[in-house]
Amino acid sequence: MKYTFPITRTPESGISKVDFDNLPFGKIYSDHMFVADYQDGQWTNLEIRPIAPIPTHPGNMAWHYGQAIFEGMKASRDMEGNALLFRPEMHAKRFNASARRMCMPEVPEELFLQAIHTLIDMEKEWIPQQVGSAMYIRPFMYATDETIGVKASDTYRFIIFVMPVGPYYNKPVRLLAQDQYVRAVVGGVGEAKTAGNYAASLLPATMARKEGFDQVMWLDGIHKKYIQEVGTMNIFFVSGNEVLTPNLDGAILAGITRDSVITLLKGEGYTVTERPITIHEIVEMHQQGKLTEVFGTGTAAVIAPVEAIQYKDDLIQLDMSQRKISQWVYDTINGIRSRQVEDKYSWLVTA
Ligand SMILES: *Cc1c(COP(=O)(O)O)cnc(C)c1O
């Protein structure tokens, strides 16, 4: 271990108050968090301490100018109770890619990983073992200069907290293809996991929900016809033995679940094509009876089967009895996470 830092334990754990059989998503925090500050060009004040609010000055730059990035990853437990992380280095790399785009300092990969390992080891008891549940890990960084005026901050804070979570979606989702508002454009910040992207998505998401949909399907910002992603998930379409997903064009977030799904399907002999896909093409594929499955992918939901897509006057209603491929990838990823399916690609790291 390269870094050494102090650990302050909570005098009283909150774990006994948690109902692990009825976990909501994103509401229950474990006992501790990792915190580090970036000052004078380096990371300092590394520590793990009880999770608690951090007083912040009203002039904090993150609140005004939006330098804030995050990651979302999961830890699980195997049959022997060991904590397992899923592709943590890839999350470290993507975190730093987000940092570069937002003009923020990188966190050395080793620091990022060691902090997660140490925290997960301390909070091992908090990792739920119920099917579909997991430990969600949220590393994030924000600007901390107390200065008004648009510029990159000189100081930052990096925090990691963890939360036991239940299943994210438990039913198939209905999507509304959005041709008025856009999530991101090539050259913008769509590729970065930065706070503003999610703020920008809230109005269209709320409007979609009022019309009875669960998520927005984002189309590209220029032609408003190329499918990008859905809500905070990447999207896949299945037609027979061919699986299609939009190529990473610079506006789409490079999902790690997306990458895992592509790898697993190719390994199983499916043809997976990454290319620009128009919404019209998908409507037509459905009309010809060739669209067999649609699903979203992301760390939180893993796989979210899609039940319907509305685009203008066209409603694509999918046959939910045909969930062969999405069910297989879901079972495989969850199986790997609990070591019940062979980890062929060495994605698991013991914490
Ligand atoms: C996080 C995220 C995803 C999914 O990425 P994973 O690495 O699979 O969790 C997809 N789209 C957006 C916009 C995201 O923020």
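Atoms within a ligand are numbered from 1 in the order they appear, just like the ligands themselves. Below, all heavy atoms of this structure are taken into account, side chains as well, without hydrogens, waters or symmetry copies.
Cluster partners of Tyr65, by chain and number: Met61, Ile148, Val150. The rule joins Ile, Leu, Val, Met, Phe, Trp and Tyr whenever side-chain heavy atoms lie under 4.5 Å apart.
Taking Ala308 as the reference, Arg174, Leu315, Gln317 meet the side-chain contact (heavy atoms from CB on, under 4.5 Å) condition, with sequence neighbours excluded. Taking Glu146 as the reference, His57 meet the side-chain contact (heavy atoms from CB on, under 4.5 Å) condition, with sequence neighbours excluded.
Counting only distance, with no hydrogens or angles, the side chain of His280 and the backbone of Lys225 share no donor-acceptor pair below 3.5 Å. For Arg157 (side chain) and Thr144 (main-chain N/O), no donor-acceptor pair under 3.5 Å exists by modelled atom type.
Each of Thr273, Ile282, Val306 was scored for a side chain to side chain contact (heavy atoms under 4.5 Å, CB included) with Phe237, with one residue passing: Ile282.
Each of Arg94, Arg183, Lys193, Tyr198, Glu229, Thr232, Met233, Asn234, Leu253, Gly255, Ile256, Thr257, Gly298, Thr299 has a non-hydrogen atom positioned under 4.0 Å from some atom of ligand 1.
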